[in-house]
Amino acid sequence: MSGTTAAPASVSTHILDTSAGRPAAGVAVTLAVRSGPDGDWIAHAAATTDADGRCTALSALPAGTTHARLVFAVEEYAADSDAFFPEVAVTFAVRPGEHHHVPLLLNPFGYSVYRGS
């Protein structure tokens, strides 16, 4: 069939508080996108993690997106633990038509991210 295009790229995330062994609920997450390594960041979506630590409301990425950035506002969530990091920003390359799941493993003095499935 001519004129068809690939499905748009998409992003999802979740946060696990590894110090408590449970999902991190109520964390604000923003998603920005850009086209090209020197492009300007454009705010694209915002969500808050649910009771399972997941963001389910991040919309598909615009065509031409080459990089995405998730910013996790963890300071308020971690206020009781005297956490070192007030926010976590994760920038990653986007492949057209692919789903990009980026989990955040969080504790008061460190974090880890990876490309999930």
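In this text the structure is predicted, and so the values were computed from the model without any measurement.
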>> Run the side chain to side chain contact (heavy atoms under 4.5 Å, CB included) test against Thr56 and tell me which residues pass, sequence neighbours left out.
In response: Asp50, Arg54

> Same hydrophobic cluster for Ile15 and Phe109, using side-chain heavy-atom links shorter than 4.5 Å among ILVMFWY?
Replying inline: yes

>> Tell me every residue that passes side chain to side chain contact (heavy atoms under 4.5 Å, CB included) with Leu58, counting only those two or more places apart in sequence or in another chain.
In response: Val11, Thr13, Leu31, Ala45, Ala47, Cys55, Leu70

>> Run the ring pair (Phe, Tyr, Trp, His ring centres under 6.0 Å) test against His99 and tell me which residues pass, sequence neighbours left out.
In response: none

> Are Val88 and Tyr77 in one and the same hydrophobic cluster, where Ile, Leu, Val, Met, Phe, Trp and Tyr link if side-chain heavy atoms are under 4.5 Å apart?
Replying inline: yes

> Quick one: CG on Asp40 to OG on Ser35, what's the gap to the nearest 0.5 Å?
Replying inline: 10.5 Å

>> If the condition is side chain to side chain contact (heavy atoms under 4.5 Å, CB included), which residues does Thr30 pass it with, not counting sequence neighbours?
In response: Ala46, Val71

>> Quick check: closest heavy atoms across Ala73 and Glu87, and the distance to 0.1 Å?
In response: CA-CB, 4.5 Å

> Mind checking what makes ring pair (Phe, Tyr, Trp, His ring centres under 6.0 Å) contact with His14, not counting sequence neighbours?
Replying inline: His101

>> Please list all pairs meeting side chain to side chain donor-acceptor pair (under 3.5 Å) that have one or both residues in residues 65-74, counting only residues at least two apart or in different chains.
In response: none

>> What I'd like to find out is whether the side chain of Val29 reaches to under 4.5 Å of the side chain of Thr48, using heavy atoms alone.
In response: no

>> So, using side-chain hydrogen bond (donor to acceptor under 3.5 Å, both in side chains) as the criterion, who are the partners of Ser59 when residues are at least two apart?
In response: His44

> Can you name the closest pair of heavy atoms from Pro103 and Tyr114 and give their distance?
Replying inline: CD-O, 3.0 Å

> Sequence neighbours excluded, which residues qualify as ring pair (Phe, Tyr, Trp, His ring centres under 6.0 Å) partners of Phe84?
Replying inline: none

> In chain order, what residues pass the ring pair (Phe, Tyr, Trp, His ring centres under 6.0 Å) check against Tyr111, with sequence neighbours excluded?
Replying inline: Phe85

>> Once side-chain hydrogen bond (donor to acceptor under 3.5 Å, both in side chains) is applied, do any residues pair with Ser19, and if so which ones, sequence neighbours excluded?
In response: Asp17

> Between Leu106 and Leu16, does a side-chain contact (heavy atoms from CB on, under 4.5 Å) hold up when you go through it step by step?
Replying inline: CA-CA 6 Å; Leu106 180 66; Leu16 177 63; over 6 Å; no

> Taking only residues two or more places apart in sequence or in another chain, which ones pass side-chain hydrogen bond (donor to acceptor under 3.5 Å, both in side chains) with Arg22?
Replying inline: none

> Which residues satisfy the side-chain hydrogen bond (donor to acceptor under 3.5 Å, both in side chains) test with Glu98, sequence neighbours excluded?
Replying inline: Arg115

>> According to a hydrophobic-cluster definition based on side-chain heavy atoms being under 4.5 Å apart (Ile, Leu, Val, Met, Phe, Trp, Tyr only), do Phe92 and Leu104 belong together?
In response: yes

> Of all heavy-atom pairs between Thr49 and Ala24, which one has the smallest distance, and what is that distance?
Replying inline: OG1-O, 2.8 Å

> Does Val27 share a hydrophobic cluster with Val113, counting links as ILVMFWY side-chain heavy atoms below 4.5 Å and allowing steps through other members?
Replying inline: yes

